[in-house]
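Each remark here refers to the structure printed beneath this line.
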Amino acid sequence: MTQNERPAQAAVGLPELWQDVRQRWRLVTGWALAGLAAGGLAIWLITPKYEAMAMVQVGQIGVVGQLASAPVEAATQAVERMRTPAFQLRVAEMLGHGEWLADLRRSQKGVADGEHLSLNVAKSTSAMGNSALIEIRARAETIDGARRIVDGAVAELAKKHAEIAKPALDRMRLDLTIARERLASAEKELTELGKVVTNVGVKDDRFTQLSLMTALRVQKESELFNERQSIMALETALDAPATQGLKVIEDTFVWEKPVSPKKGLLLTVGFVAGTLAGLIWVFVALALRRNSA
C-alpha cells in the first residue's frame, strides 16, 4: 500500500457514516435524551421570572396663550434618566430590593442588561413625531415583586418631574396672583371713576371734565378686559389637562406565566445539542476504528 492510498482508505464516507449511525441509533437516541434531560434540569434549576408592564405619559406644562402643552422633559431624556444607576438605586432603596441593590453596588449588571428594569419610548402617533409615552417593564421572581418595581419606578419618575416643573409652575402662579391684584385694583379705580362721572356737571360740550373722565373710564375698562384675558390664559395653562404630572396611561399589568426560563427553547437546545453530540461520538468512533484497521 502506497502513502497516497492510506488517506483514501482512512477517509470516512457519508454512506458508511449513515450506516454506522443506523446501527448505533440507540447511542444517538441516548445522547438526545440526555440533552433533553439537561434542558429539563436547567428549567428546574433556573428561578422563574415574572414580567410587569405599564405605559406612562411624561408630565406636561401648559403654555400661556396656547392650547398645546410642553413636556416637562422629553420622553427619551426621561428614559435615559431612569436608566442611570442613581435613579435605579433610589427605587431599589425605596422598595428594599436587596438583590437589585447588590447588583447596582457591585457592578453595572443591574443597569446594563435591564435584568430588573427595562425601558422603551413608545412609537409616536402624532404628526410632530415626538412621543411622550414610555413603556416600563420589570422582572422579578414573584408577580407582586414585578408589579412593585414598576410602581416604584413610576412613583420616583413622577416625583422627579414634579421637582423639574416646580420653578415654571411657581412663576406662572406668581404671574396669576399679580394679574388678579391688578384686576382688583382696576375694578376699584373704575368704580371710583364711575362715581366721579355721575357727580360731574356738564359745563362745556366741547371739552369738559366729564369727557376726560369718560375717556379715562374707557381706558380702565380696556385694562380690565386685558387683565381678565391674562388671568384666563394663566388659569387655563395651570389647570388640567394643560398642566398635569406623570400620567399612567395603562395600569401595571403582570403576566401570570413566567417569561423566564423559556422552556421550549431550553428543551430544543438540549435535544439538538444531545443529538449532535451523539453523531459526533459515532463519527469519532468510526474514524478510530478505520485508523486502527
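The structure presented is a predicted model; accordingly, all values stated were derived computationally and were not measured.
The hydrophobic cluster containing V154 also contains V58, counting ILVMFWY residues as joined when their side-chain heavy atoms lie under 4.5 angstrom apart, directly or transitively. Side-chain heavy atoms closer than 4.5 Å link hydrophobic residues (I, L, V, M, F, W, Y) into clusters, and following such links, possibly through other members, connects V79 to L89. Hydrophobic clustering places L169 together with V72 (ILVMFWY residues linked when any side-chain heavy atoms are closer than 4.5 Å, directly or through intermediates). Hydrophobic cluster membership differs between V269 and L36, with clusters built from Ile, Leu, Val, Met, Phe, Trp and Tyr side chains linked at under 4.5 angstrom. Tracing side-chain contacts under 4.5 Å through hydrophobic residues (I, L, V, M, F, W, Y), one reaches L246 starting from I134; they form part of the same cluster.
Using modelled atom types, one side-chain atom of H161 and one backbone atom of G59 make a donor-acceptor pair closer than 3.5 Å. With hydrogens and angles ignored, the 3.5 Å screen pairs a side-chain donor or acceptor of T268 with a backbone N or O of G264. In this structure, the side chain of S185 does not engage the main chain of E181 through any donor-acceptor pair within 3.5 Å. Between the side chain of S230 and the main chain of N226, no donor-acceptor pair closer than 3.5 Å is present. Looking at T243, its side chain does come within 3.5 Å of a backbone N or O of A237 through a donor-acceptor pair.
Within a 6.0 Å sphere centred on CE of M94, heavy atoms belonging to other residues, nucleotides or ligands number more than 12. Other residues, nucleotides and ligands place no more than 12 heavy atoms under 6.0 Å from the CZ atom of F225. Around CD of E93, the count of heavy atoms belonging to other residues, nucleotides or ligands within 6.0 Å exceeds 12. Environment of CZ in F87: crowded, with over 12 heavy atoms of neighbouring residues, nucleotides or ligands closer than 6.0 Å.
Two residues are said to be in side-chain contact when any heavy atoms from C-beta on lie closer than 4.5 Å; V254 and D144 fail this criterion. Counting heavy atoms from C-beta outward, L133 and V56 have side chains that stay 4.5 Å or more apart. Taking 4.5 Å as the limit, every side-chain heavy atom of I136 sits out of range of all side-chain heavy atoms of M53. By the 4.5 Å heavy-atom criterion applied to side chains, R147 and D251 are not counted as neighbours. Between V248 and M55 the shortest side-chain heavy-atom distance does not fall below 4.5 Å. Taking the side chain as every heavy atom from C-beta outward, Q77 and E80 never approach each other to under 4.5 Å. Contact check for L117 versus W100: side-chain heavy atoms found under the 4.5 Å cut-off. Side-chain contact check for Y50 versus V259: every heavy-atom pair is 4.5 Å or farther apart.
Contact detail for T236 and A242: the closest heavy-atom pair is O-CB, 3.4 Å. Across all their heavy atoms, G152 and L95 have their closest contact at CA-CD2, 4.4 Å. Scanning both residues, A132 and Q60, for their nearest heavy atoms gives CB-NE2, 4.0 Å. Residues E227 and A179 come closest through the heavy atom pair OE1-O, 3.6 Å. Taking all atoms of both residues into account, the shortest heavy-atom contact from P48 to P261 is CA-CD, 4.0 Å. Here the closest non-hydrogen pair linking A153 and V91 is N-CG1, 3.9 Å.
The distance from atom CG of L183 to atom CG of L176, rounded to the nearest 0.5 Å, is 10.5 Å. Rounding to the nearest 0.5 Å gives a distance of 10.5 Å between CZ of R90 and CE of M82. Here S260 contributes atom OG and I46 contributes atom CD1; the two are 6.0 Å apart, rounded to the nearest 0.5 Å. A distance of 10.0 Å separates CG of L104 from NE2 of H97, quoted to the nearest 0.5 Å. Atom CG of L266 is separated from atom CG of L41 by 10.5 Å, given to the nearest 0.5 angstrom. For the atom pair I178 CD1 and L234 CG, the distance stands at 10.0 Å (nearest 0.5 Å).
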Output, in order, the C-alpha distance, side-chain angles, deciding distance and verdict of salt bridge (charged side-chain N to carboxylate O under 4.0 Å, His left out) for K49 and E51. CA-CA 7 Å; K49 294 283 187 178; E51 187 174 67; over 6 Å; no
Please test R173 against E235 for salt bridge (charged side-chain N to carboxylate O under 4.0 Å, His left out), starting from the C-alpha separation and ending with a verdict. CA-CA 9 Å; R173 293 188 181 102; E235 288 177 343; over 6 Å; no
Evaluate D151 against R148 for salt bridge (charged side-chain N to carboxylate O under 4.0 Å, His left out), listing each step before the verdict. CA-CA 5 Å; D151 293 342; R148 289 181 66 241; over 6 Å; no
Decide side chain to side chain contact (heavy atoms under 4.5 Å, CB included) for E99 and E141; before the verdict, give the C-alpha distance in whole Å, the side-chain angles of both, and the deciding distance to 0.1 Å. CA-CA 11 Å; E99 181 184 357; E141 297 179 359; 3.8 Å; yes
Derivation and outcome, side chain to side chain contact (heavy atoms under 4.5 Å, CB included), residues W281 and L27: CA-CA 9 Å; W281 181 275; L27 178 63; 3.0 Å; yes
Begin with the C-alpha distance, continue with both residues' side-chain angles, and end with the deciding distance and a verdict on side chain to side chain contact (heavy atoms under 4.5 Å, CB included) for E73 and K160. CA-CA 10 Å; E73 64 176 347; K160 191 64 181 179; 5.5 Å; no
Output, in order, the C-alpha distance, side-chain angles, deciding distance and verdict of salt bridge (charged side-chain N to carboxylate O under 4.0 Å, His left out) for E189 and R182. CA-CA 10 Å; E189 292 176 2; R182 288 176 179 173; over 6 Å; no
Derivation and outcome, side chain to side chain contact (heavy atoms under 4.5 Å, CB included), residues I249 and K247: CA-CA 6 Å; I249 303 299; K247 182 179 179 181; 4.3 Å; yes
Check against ring pair (Phe, Tyr, Trp, His ring centres under 6.0 Å), F253 and W255: CA-CA 7 Å; F253 178 81; W255 285 269; 5.2 Å; yes
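Salt-bridge annotation for K220 and E223: present, with a side-chain N of the basic residue lying under 4.0 Å from a carboxylate O of the acidic one.
Counted by atom type alone, H116 and Q88 present zero donor-acceptor pairs between their side chains at under 3.5 Å.
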